Amino acid sequence: MEEHALLGAPPSARGCLDLTAEALLWLQRAVRDASCYACCFEAEGVYHEINEEFGGVEYLHRQPDVIAVHGFLSDEECDRLREKAEGKLKPCGTYDSDGRRQPRNSNRTSSEALVTQREVPTIIAKLTALLRCTPEQLQTLNVVRYTAGQQFKPHCDASSGRCSRIEHGFVRSTRLVSVLVYLNSPRRGGKTIFPWFNMSIQPCKGTALLHFPASLSYHHDPRTLHSGAPAIEDKWILVTWMWYHPRDPSLMDEANVPELSSSRI
Ligand SMILES: O=C(O)CCC(=O)C(=O)O
Ligand SMILES: [Fe+2]
């Protein structure tokens, strides 16, 4: 792999990260995108502002911003979420460019269970306070479990421009904030990795991790490429995304999503 004008030597050559060939291809494509959008980062790179006064906020990286919120969920809230989802998990799907769910996909080998907002009112209140958004801007929450060897290969959580039609009930919108909350603390494996700036985060129970996949002018930020590295021990997370616009309830109504259990968190 040649040294790149923007990136310098690839990360593996610098001995920082052992990237797969696939990840390097992603990076090359990201570099191409980045040169297209280089001017936008300065001129239009305005991102959603979260509530920095929310307890536990720590910037792990700036431009692009990656934020940890320590103690976002209590141990008990994490345990109760895992209990809710246990036994209800199904293999994760992925979504094509038209937002259609694709069955099992080798890029994302974990299992998931959707959690309706009515089951987790306390968590929704925390999310809306932290993100400064309405519940209707939140994509239906998802509890995800990775067992040994399972992973989510390098990807970005938004693509350029508004989504082509309807995704998860959101119309011609985009994801402004990605939120994942670690529900346990595996000691080995399962790191969240941002190869662009060589950052890897070891899951820590109750910590939320935020990044900003697209700007307020709908430019996706290729620097936010990230992956969930293969798990060694079980890894559990809660994931959701804050969208630019509220969901259209006639297209995706959580009233039609079955509850995982009768307990409320
Ligand atoms: O599991 C992780 O650490 C990353 C998950 C992720 O990127 C996603 O669900 O979009
Ligand atoms: Fe992601």
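Note that this is a predicted model, so its numbers are computed, not measured. In each ligand, atom 1 is the first atom listed, and ligand 1 is the first ligand listed.
- Scanning all heavy atoms of the two residues, the minimum distance from Thr224 to Pro64 falls at CG2-CB, 4.2 Å.
- Between the side chains of Gln139 and Arg175, at least one donor N or O sits under 3.5 Å from an acceptor N or O.
- Using a 3.5 Å distance cut-off with no hydrogens or angles, the side chains of Glu254 and Thr140 do pair a donor with an acceptor.
- In this structure, atom 4 (C) of ligand 1 lies nearest to the protein heavy atom Leu180 CD2, 3.6 Å.
- With salt bridges taken as basic N to acidic carboxylate O contacts below 4.0 Å, none links Asp65 and Arg62.
- Residue Trp241 approaches ligand 1 through these ligand atoms, each under 4.0 Å from one of its heavy atoms: 10 (O).
- One side chain, Tyr59 or Glu52, offers a donor N or O that lies under 3.5 Å from an acceptor on the other.
- Side-chain contact of Trp241 with Ser178: a donor-acceptor pair under 3.5 Å is present, judged by distance alone.
- At least one heavy atom of His155 sits less than 4.0 Å from an atom of ligand 1.
- Checking Tyr146, Phe152, Trp236 against atom 8 (C) of ligand 1, the nearest heavy atom belongs to Phe152.
- Excluding waters, the set of protein N/O/S atoms under 2.8 Å from the Fe ion (ligand 2) reads His155 NE2, Asp157 OD1, His226 NE2.
- No side-chain heavy atom of Phe170 sits less than 4.5 Å from a side-chain heavy atom of Asp248.
- Applying the 4.0 Å criterion to heavy atoms of Gly228 picks out, from ligand 1, the atoms 1 (O), 2 (C), 3 (O).
- His70 and Glu58 are linked by a side-chain donor-acceptor pair at a separation below 3.5 angstrom, with hydrogens and angles left out of the test.
- Ligand 1 places these atoms under 4.0 Å from at least one heavy atom of Asp157: 10 (O).
- Looking at Asp221 and His219, their side chains never bring a donor and an acceptor atom within 3.5 Å of each other.
- The Thr192 neighbourhood of ligand 1 comprises atoms 2 (C), 3 (O), with distances under 4.0 Å to a heavy atom of that residue.
- For the residue pair Thr192 / Tyr182, a side-chain donor-acceptor distance below 3.5 Å is found, with atom types taken as modelled.
- Taking every non-hydrogen atom of Val239 and a distance limit under 4.0 Å, the qualifying atoms of ligand 1 come out as 9 (O).
- If you look at Ile237 next to ligand 1, the close heavy atoms, those under 4.0 Å, all belong to the side chain.
- Remark: of the listed residues Glu112, Glu233, Glu86, Glu86 is the sole one forming a salt bridge (Lys or Arg N to Asp or Glu O under 4.0 Å) with Arg145.
- Between Arg108 and ligand 1, no pair of N/O atoms sits closer than 3.5 Å.
- Lys235 counts as a contact of ligand 1, since one of its heavy atoms falls under 4.0 Å from the ligand.
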